[in-house]
2 protein chains.
Amino acid sequence: MAVKHDEVKTKDRILKAAIEEFIDHGFDGARTQAIADRANVNKAMLHYYYASKENMYEQAINTVVTAIIDKFGKIPAVQPQIEDRIGSVMDVYVDIFTDYADYFKIVIYEAMRGGRILKKVLLSNNLLHNINIRNFIKYFDDQVSSGKVRKVDKVQLFMSIVTQMLPVFIAGQILNEVVDVFGVKKAIAEKFIKGRKKFVLDLIMNGIRIK
Amino acid sequence: MAVKHDEVKTKDRILKAAIEEFIDHGFDGARTQAIADRANVNKAMLHYYYASKENMYEQAINTVVTAIIDKFGKIPAVQPQIEDRIGSVMDVYVDIFTDYADYFKIVIYEAMRGGRILKKVLLSNNLLHNINIRNFIKYFDDQVSSGKVRKVDKVQLFMSIVTQMLPVFIAGQILNEVVDVFGVKKAIAEKFIKGRKKFVLDLIMNGIRIK
DNA sequence: TTTCAGTTTAACCATTTGGTTAAATATATC
DNA sequence: GATATATTTAACCAAATGGTTAAACTGAAA
């Protein structure tokens, strides 16, 4: 077997280039020639290693989805204070919405085209066991039992935590445009994002009503 | 002038068809032939009335953005109870995320491609005066003054209200897939969406802490 | 009924796109 | 160095795509 030993293997360079191209343009907007250029290889190499654009896309989705879901395992399982626990969930999502924003963007692109590939990837590789909302629910039940917090729907609460962190992702994508269009000062917008976690944590714990 | 009087004018049929095609496939995935088929016209008619795919796309974005922004004007300006006021904001967004979900999808597609056209459309037609977050802020300030609610960042609060309604949109796009992939029962998922507004309103007002 | 601007059609076109192939080149093993 | 296998390249291809054109058709006004 005549195996070449490059610094980074051609096959991997192509996949990385493909992911970048899909991030920027989605499946339909991506061009195989552009992927070849990004990877600095002849276009025929894409066919050699991945056979088709669609197959390359599936590998790309698999890679990014695996990376994102791995992050979910990073939520510290045990924490005494409910604020800390909710804060940890927020931290993980803030991390994903910043460090993995590009990967998350591909996933949204894919979901909008129908999500056929996403579904396939999620159902294989039993990736889902890492999305441990069950841990959160169990923890929350304990807190309710011990009288720390009142009883509310736990799935609804979890969704509230996650969705309220979405501005972090959205800002990363279109902050400059929002600044332009709405005439908000950039420093103000950045301060808004920086203070997001603290605000949401306070809102979830205390609400706005005066008692 | 020999003007034809169809039930629905060809030009309008084409734009409607284009919007549908862009909803389903985004700009890059949309096919001019598919638009012609949807509108039941010869492909040359697209060129006759709209000159290019890009121009057609710009008209489409203009139409859907105008429709969505008009909805923002529907928030009742005056309401005595803060719960009602927040509820009204939620209602408007729930309406947009259900009745205008397809339009909203185009806007997301466009934002993900960079939002150049979206920006152009928003900056022309002074569409933005309808997005009256200022009204909400003024109202909220009054409520704080009169001791009804405690003082929190108003923009943060507004974003919390809006983002927490996003599951309504997401469900409309991928509810069936979520049911498949995560093995949630469909009735449960639908109940979750139905109860979303009530839950979020309660959470925002009262938080989860026991005092 | 002639006129003429507005509308529609079929056929056509240049370019782009994803994909393919045969030949050339590199590399490990013997 | 010979051999076999893996890798890479340039050239090529069919299909699809957005766009164009000349000619035909339509209907209201003169």
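Proteins come first, then strands; the chains are lettered A, B, ... in the order of their sequence lines, and each starts at number 1.
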Whether R113(B) side chain and G26(A) backbone form a donor-acceptor pair below 3.5 Å: no

Show me the protein contacts with nucleotides 10-14 of chain D, counting only N or O atoms at under 3.5 Å.
| from | atom 1 | to | atom 2 | distance (Å) |
| --- | --- | --- | --- | --- |
| dA10(D) | N7 | N42(A) | ND2 | 3.1 |

Spacing of D37(B) atom CG relative to dT8(C) atom P, expressed in whole Å: 16 Å

Distance, rounded to the nearest Å, where I14(B) contributes CD1 and dG18(D) contributes C1': 15 Å

Criterion side-chain hydrogen bond (donor to acceptor under 3.5 Å, both in side chains) on E58(A) and N62(A), from CA distance to verdict: CA-CA 6 Å; E58(A) 195 173 320; N62(A) 201 337; over 6 Å; no

Spacing of Y48(B) atom OH relative to dT8(C) atom C1', expressed in whole Å: 9 Å

Taking N or O atoms only and anything under 3.5 Å, show me the protein contacts with nucleotides 14-17 of chain C, one pair per line.
| from | atom 1 | to | atom 2 | distance (Å) |
| --- | --- | --- | --- | --- |
| dT17(C) | OP1 | R31(A) | NE | 2.6 |

Candidate list L201(B), V200(B), I204(B), test side chain to side chain contact (heavy atoms under 4.5 Å, CB included), partner I161(B), passing option: I204(B)

Parallel, tilted or perpendicular: ring planes of F22(A) versus F27(A), cut at 30 and 60 degrees: parallel

Whole-Å gap separating C1' (dT8(D)) and CG (L46(A)): 12 Å

Side chain to side chain donor-acceptor pair (under 3.5 Å) involving D153(A) - partner list, sequence neighbours excluded: none

Atom-pair distance (CE on M45(B); P on dC25(D)), nearest Å: 16 Å

N or O in side chain of T10(B) less than 4.0 angstrom from dT7(C) OP1/OP2: no

Short side-chain N/O contact from Y49(B) to OP1 or OP2 of dT8(C), under 4.0 Å: yes

Whole-Å gap separating C1' (dG18(C)) and CG (D28(A)): 13 Å

Nucleotide dT17(D), atom P - distance to CD1 of I35(B) in whole Å: 12 Å

Nearest-nucleotide 5' precedence on DNA chain C, N40(B) against F27(A): N40(B)

N or O in side chain of H47(B) less than 4.0 angstrom from dT20(D) OP1/OP2: yes

Between C1' of dT8(C) and CZ of R13(B), the distance in whole Å: 11 Å

Pairwise side-chain contact, Q59(B) with I14(B), heavy-atom cut-off 4.5 Å (strictly under): no

Minimum side-chain heavy-atom gap R196(A)-Q164(A) below 4.5 Å: yes

Non-hydrogen side-chain atoms of Y49(A) and M56(A) separated by less than 4.5 Å: no

Test of ring centre spacing under 6.0 Å for Y93(A) and F72(A): yes

